[in-house]
Amino acid sequence: MKTKIVNYPDLVAARNREKSETVFFDASTLHLDEMKKIASGKKYYIHTYGCQANVRDEETMRGMLESVGYKKTEKPGEADVIIINTCAVRENAEDKVYGEIGNLKKYRRANKKLVLGICGCMVEQPEILQILQDKFPEVNLYFGTHEIDQLLDLVYEVYSSDIRLISIKSKQGEVIENKNVVRNNEYKAYVNIIYGCNKFCTYCIVPYTRGKERSRKFSDIMDEVRELKKANYQEITFLGQNVNAYGKDLDEGHDFADVLEEAAKMGIPRIRFTTSHPWDFSSKMIEIIAKYENIMKCIHLPVQSGNDEVLRLMGRRYDREHYLNLVKEMREKIPGLSLSTDIIVGFPNETEEQFQDTLSLVDIVKYESAFTFIYSPRRGTPAAKMVDNVTYKEKSRRFQELVKHLEVNIEKDALSYVGHIYKVLVDGVSKTDENMLSGYTESNKLVHFKGDKNLVGKIVDVKILESHTYSLIGELVNG
Ligand code: SAH
Ligand code: SF4
Ligand code: F3S
């Protein structure tokens, strides 16, 4: 099988942040009629790893595939198009993908016309792409995060010419509107507001895989929110690697606080957003979050480290004092605020004292939840070139200690729910017991309780009876 390379990724090009205007255009497909014939009676399988940006990309891919007639399947063995949507943020995310492709390659041997595609952040890295090509000759399509909207044309080309196609252009990126979308959920939706990242934290691969920060037009975002409201969505989450950088690249005069406010006025019951960088979180945003009842009082505010020198080396552009002052302002102005964070332990050469600063910050802020990671070197990032004198064993020890510190407050917070009634958006039925439902409180706590499955997608009152570290047990009120 011949390999056709349309574009190959390049980390130097991916780093480019020259001043250039964002290009906006509408999605289109060249081979629509042919694809309808090809897709007739066929199925697709997509497996997504990584963050909400990838989940939202999956919905776009589903929309495109279903628009020509492909049907979804959960069984890769039945599919004529298989897509693995990958994440590159840490090594363990990548390891899972290697394992999965290893399991899927047999389907290509059984079905010569199968399109086996790998996309997402992993393939944006040239060295990883080369490893994949060498290891898995069965894979016949690679496309990048900037090529998602071209999926149908790529599938068409692979299907009709029996080639291996690589189409991954490292570029700053554009904003593509009017894409087909099939949402994974009928009452909770993700809404992109800004793509890419310009922060270039020294450990992070995301700015290389996702291009520059580029905001969607305010009116396009609001049109989408209006549609979701009409379709009776109960919750929307605004997405961006840094939602509070929204609008800085446009001349429209709207910032993230305006997005929140305008959406809140439309009356969707729950509005969330992720992620907020501590660097450009304004007082205006805090005031808007406090002002509207339907903006959830949950802020995910990654700190990464509690030590100034480590923060400087990470390129985070804030220090401990700035972060703690921001938290203080948020806690004062937003009653009932639930704060969550991301923390990396074992950044190159992190000393025991520096790690202790992270522990002390955690004890001061008292997070209601947290994601913790052991530093994973990402090839091509500045931190990966730093000599590191901390052993993995020591990093694991620090990781365990950090989790213990975090859990003290997480457990205390969970216990404070017991005996009170909360609004819960019912998410689904338990896999092991069909009489058990689960859902999330406004503060994003997971609750399990008995109830009928027709409550899924509704907001109900639940009285909390019991707390565990990462979930609550409750009972329906009036029902
Ligand atoms: N844009 C978001 C986060 C994207 S990645 C933000 O800045 O908040 C999600 C989290 O993964 C980061 O917050 C960080 O804690 C973690 N992460 C990123 N790169 C990592 C690496 N090389 N090793 C370990 N954790 C990493
Ligand atoms: Fe990565 Fe930093 Fe950008 Fe977040 S802000 S995506 S951690 S570079
Ligand atoms: Fe992973 Fe890419 Fe998201 S690296 S965390 S899928 S932006």
Side-chain angles (χ1 to χ4, degrees), residues 51-52 89-90 92-93 203 272 274-276 278 296-307 310-311 314 316 320 323-324 326-328 330-331 334-347 350-376 390-420 422 424 427 430-432 436 438-449 462-474:
C51 67
Q52 294 94 334
V89 80
R90 283 170 294 275
N92 54 6
Y203 50 83
R272 301 185 187 277
T274 195
T275 301
S276 316
M296 298 299 98
K297 311 301 176 233
C298 296
I299 300 178
H300 185 62
L301 197 67
V303 67
Q304 316 298 1
S305 165
N307 175 268
V310 176
L311 286 171
M314 286 177 162
R316 288 292 289 180
R320 180 184 170 102
Y323 187 91
L324 288 175
L326 182 60
V327 167
K328 191 161 168 269
M330 288 173 171
R331 292 253 194 236
I334 311 174
L337 175 67
S338 178
L339 266 180
S340 57
T341 198
D342 292 347
I343 299 173
I344 298 176
V345 296
F347 188 76
E350 181 191 58
T351 65
E352 178 60 27
E353 291 72 37
Q354 290 172 332
F355 170 64
Q356 290 295 330
D357 283 345
T358 298
L359 293 185
S360 75
L361 181 132
V362 159
D363 295 341
I364 296 169
V365 178
K366 300 189 168 51
Y367 294 103
E368 279 80 8
S369 80
F371 297 100
T372 45
F373 311 104
I374 294 179
Y375 167 71
S376 170
V390 191
T391 63
Y392 194 79
K393 198 170 158 212
E394 173 58 15
K395 293 184 188 204
S396 305
R397 187 199 61 77
R398 289 181 194 171
F399 180 83
Q400 300 300 340
E401 198 175 334
L402 172 64
V403 171
K404 263 195 250 157
H405 270 252
L406 285 160
E407 283 183 350
V408 171
N409 196 64
I410 295 172
E411 278 167 18
K412 209 169 124 196
D413 176 58
L415 192 63
S416 74
Y417 283 66
V418 176
H420 302 279
Y422 295 89
V424 172
D427 225 24
S430 156
K431 282 196 184 99
T432 48
M436 282 302 274
S438 60
Y440 288 87
T441 63
E442 296 194 330
S443 60
N444 226 0
K445 282 264 187 234
L446 175 61
V447 188
H448 302 286
F449 54 100
V462 177
K463 182 172 182 185
I464 306 303
L465 306 173
E466 209 182 293
S467 76
H468 300 276
T469 315
Y470 297 106
S471 64
L472 305 168
I473 310 290

Pair up each side-chain donor or acceptor in residues 365-372 with any protein partner under 3.5 Å, not counting sequence neighbours, and list the distances.
unit_1 : atom_1 : unit_2 : atom_2 : d
K366   : NZ     : D363   : O      : 3.0
Y367   : OH     : Y323   : OH     : 2.8
E368   : OE1    : L339   : N      : 2.8

Query - Minimum heavy-atom distance I343-Q304, with the two atoms named - result: CG2-O, 3.6 Å

Report summary line: Hits for side chain to side chain donor-acceptor pair (under 3.5 Å) against R398, two or more places apart or cross-chain, chain-then-number order -> E350, E394

Query raised in the report: Of all heavy-atom pairs between I299 and S276, which one has the smallest distance, and what is that distance?
Result: CG2-OG, 4.2 Å

**Report entry** Heavy-atom closest pair, residues L472 and K445
**Finding:** CD1-CB, 3.9 Å

Query raised in the report: Taking only residues two or more places apart in sequence, or in another chain, which ones meet S360 in a side chain to side chain donor-acceptor pair (under 3.5 Å)?
Result: R320

Query raised in the report: Given the rule in the side chain to side chain contact (heavy atoms under 4.5 Å, CB included) test, do L301 and V327 qualify, once you have shown the distances and angles that lead to the verdict?
Result: CA-CA 9 Å; L301 197 67; V327 167; 4.2 Å; yes

Report summary line: Rounded to the nearest 0.5 Å, the OG1 atom of T391 sits from the CZ atom of R397 at a distance of 9.5 Å

Donor-acceptor pairs are to be reported for all side-chain atoms of residues 462-469 against protein atoms at under 3.5 Å, with residues two or more places apart or in another chain.
unit_1 : atom_1 : unit_2 : atom_2 : d
E466   : OE2    : H468   : NE2    : 3.0
T469   : OG1    : E411   : OE2    : 3.0

Query - Residues M330, K297; criterion side chain to side chain contact (heavy atoms under 4.5 Å, CB included); working and verdict - result: CA-CA 10 Å; M330 288 173 171; K297 311 301 176 233; over 6 Å; no

Query raised in the report: Around Y470, counting heavy atoms of other residues, nucleotides and ligands shown, do more than 12 lie under 6.0 Å from its OH?
Result: yes

Query - ring pair (Phe, Tyr, Trp, His ring centres under 6.0 Å) between Y417 and Y422, worked out - result: CA-CA 8 Å; Y417 283 66; Y422 295 89; 4.6 Å; yes

Query raised in the report: side chain to side chain contact (heavy atoms under 4.5 Å, CB included) with S376: which residues, sequence neighbours excluded?
Result: R90, E91, R378

Query raised in the report: To the nearest 0.5 Å, what is the distance between CE (M296) and OH (Y440)?
Result: 15.5 Å

Query raised in the report: With a 4.5 Å limit on heavy-atom distance, are the side chains of V89 and F373 in contact?
Result: no

Query raised in the report: Residues two or more places apart in sequence or in another chain: which of them pass side chain to side chain contact (heavy atoms under 4.5 Å, CB included) with T351?
Result: E353, Q354

Query raised in the report: Which distance, rounded to the nearest 0.5 Å, do you find between the OH of Y375 and the OH of Y392?
Result: 13.0 Å

Requested in this report: Determine whether the side chains of H300 and S340 contain a donor N or O and an acceptor N or O closer than 3.5 Å.
Outcome: yes

Query raised in the report: Is there side-chain contact between H448 and S430, with heavy atoms separated by less than 4.5 Å?
Result: no

**Report entry** CZ-CD1 distance between F449 and I473, expressed to the nearest 0.5 angstrom
**Finding:** 11.0 Å

Requested in this report: For residues T341 and V303, report the shortest heavy-atom separation together with the two atoms involved.
Outcome: OG1-N, 2.9 Å

**Report entry** Taking every non-hydrogen atom, the tightest pair across P278 and R316
**Finding:** CD-NH2, 3.7 Å

Query - Shortest non-hydrogen contact from S443 toward S338 - result: O-OG, 3.6 Å

Report summary line: dist L311:CG -> T358:OG1 (nearest 0.5 Å) comes out at 7.5 Å

Requested in this report: Please test I374 against S396 for side chain to side chain contact (heavy atoms under 4.5 Å, CB included), starting from the C-alpha separation and ending with a verdict.
Outcome: CA-CA 7 Å; I374 294 179; S396 305; 4.1 Å; yes

Query raised in the report: Can you tell me how far the CD atom of E352 sits from the CD atom of Q356, to the nearest 0.5 Å?
Result: 4.5 Å

